[in-house]
Amino acid sequence: MEKFDLTILEILFRLLLAILMGGAIGYEREYKSRPAGMKTHILVCVGAAVIALIQQEIAWRSIEFSINNPKLVGVVRSDEARLIAQVVSGIGFLGAGTIVMNKQSVSGLTTAASVWTMAGLGIACGMGYYQIAIVGFLAVLGALTFVTYVVPAPRTRRLLMEMEHWDSSRPFTTKLLRDKGITIDNMDFEVKRLPDDTFRTYSVIYTITIPRDVDEHELMLRLSENLDILKVQILN
């Protein structure tokens, strides 16, 4: 009779592959100072691999039981997709914890997606689908590191500015943005004043499209050269 149990070496190899993949993606996220780093991605990938290994072991034990007890075929059932489906849905709660929302911006979406994807890669490692795991890993790594260089797509950002004199600051800002080829897609305007009306500040959030060759930090420095501009911040 054929033996269906996983060997120790096979289990170690699958978990090691999950560790390497989770560590590589986690290093990229940690290098960019994102909420979830190496430890989180490794644990997610290894955890998903362990669940997949358990599910495969359950399925194979069910096969062995059916072979040894042909009269009980159909009594014991094993659905290989059941535990895996719970991993795919449950990991979404962990990914949601990396998303930070405030009144002005949303961040952490890419990290949440990478955590969710690591669960998929971990399942592939645990099930022994090495081709899917390796190709998927290369696709994720490429999406996180090389896509922005291969596809020179413009960036959409929200630029927060606080000004002391609106009449002089606005023409300066508009001209500088247009000179750099930056498109203003939207503008949210707010006026703040002291109770005695002796001082006012003007807050503007520009939604802008920045060409790929424009440096965001250099743009902020250029805007700060205007003494009427009190604050410059790129929100996302």
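Every heavy atom of this structure was used, including side-chain atoms; hydrogens, water molecules and symmetry mates were not. Residue indices begin at 1 and follow the sequence shown.
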Would you compute the distance between atom [atom1] of [X] and atom [atom2] of [Y] and round it to the nearest 0.5 angstrom?
{"X": "Thr207", "Y": "Met187", "atom1": "OG1", "atom2": "CE", "value": "10.5 Å"}
{"X": "Phe172", "Y": "Asp228", "atom1": "CZ", "atom2": "CG", "value": "10.0 Å"}
{"X": "Glu28", "Y": "Ile25", "atom1": "CD", "atom2": "CD1", "value": "7.0 Å"}
{"X": "Leu43", "Y": "Lys39", "atom1": "CG", "atom2": "NZ", "value": "9.0 Å"}
{"X": "Ile58", "Y": "Leu53", "atom1": "CD1", "atom2": "CG", "value": "11.0 Å"}
{"X": "Leu177", "Y": "Lys175", "atom1": "CG", "atom2": "NZ", "value": "11.0 Å"}

Shared hydrophobic cluster, [X] / [Y] (ILVMFWY, side-chain heavy atoms < 4.5 Å):
{"X": "Val46", "Y": "Phe13", "answer": "yes"}
{"X": "Leu144", "Y": "Val135", "answer": "no"}
{"X": "Ile123", "Y": "Ile54", "answer": "yes"}
{"X": "Ile234", "Y": "Ile184", "answer": "yes"}
{"X": "Met220", "Y": "Met163", "answer": "yes"}

Do the side chain of Glu162 and the main chain of Lys231 share a donor and acceptor less than 3.5 angstrom apart?
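The answer is no, because no donor-acceptor pair under 3.5 Å joins these two groups.
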In terms of ring plane angle, is the pair Tyr202 and Phe189 parallel, tilted or perpendicular, where the classes change at 30° and 60°?
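Parallel: the ring planes of Tyr202 and Phe189 meet at under 30°.
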Just so I know, are the side chains of [X] and [Y] near enough to count as touching, which here means a heavy-atom distance under 4.5 Å?
{"X": "Phe137", "Y": "Leu17", "value": "no"}
{"X": "Glu164", "Y": "Leu230", "value": "yes"}
{"X": "Met127", "Y": "Ile132", "value": "no"}
{"X": "Arg29", "Y": "Val115", "value": "no"}

Report the C-alpha distance between Leu176 and Ile182 in whole Å, list the side-chain angles of each, state the deciding distance to 0.1 Å, and finish with yes or no for side-chain contact (heavy atoms from CB on, under 4.5 Å).
CA-CA 9 Å; Leu176 179 60; Ile182 299 173; over 6 Å; no
To check you understand the geometry: which heavy-atom pair defines the closest contact between [X] and [Y], and what is its length?
{"X": "Ala18", "Y": "Ala49", "answer": "CB-CB, 4.1 Å"}
{"X": "Gly136", "Y": "Leu121", "answer": "C-CD2, 3.7 Å"}
{"X": "Met21", "Y": "Ala133", "answer": "CE-O, 3.3 Å"}
{"X": "His165", "Y": "Ser169", "answer": "O-OG, 2.8 Å"}
{"X": "Leu141", "Y": "Thr145", "answer": "O-OG1, 2.6 Å"}
{"X": "Ser224", "Y": "Val232", "answer": "N-CG2, 4.4 Å"}

Any side-chain donor near an acceptor of the partner, Arg157 and Tyr206, under 3.5 Å:
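Judged by distance alone, the side chains do not pair up.
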How about [X]: does its [atom1] atom have over 12 heavy atoms from other parts shown lying under 6.0 Å from it?
{"X": "Tyr130", "atom1": "OH", "result": "yes"}
{"X": "Gln131", "atom1": "CD", "result": "no"}
{"X": "Leu227", "atom1": "CG", "result": "no"}

Taking it one step at a time, do Ile42 and Met118 satisfy side-chain contact (heavy atoms from CB on, under 4.5 Å)?
CA-CA 8 Å; Ile42 288 174; Met118 289 316 302; over 6 Å; no
Please walk me through it: do Thr173 and Val204 pass side-chain contact (heavy atoms from CB on, under 4.5 Å)?
CA-CA 11 Å; Thr173 301; Val204 185; over 6 Å; no
Between Val50 and Leu15, does a side-chain contact (heavy atoms from CB on, under 4.5 Å) hold up when you go through it step by step?
CA-CA 8 Å; Val50 169; Leu15 292 180; 3.9 Å; yes
Consider side-chain contact (heavy atoms from CB on, under 4.5 Å). Of Thr183, Ile208, Thr209, which one does Thr156 pass it with?
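Filter result, single survivor: Thr209.
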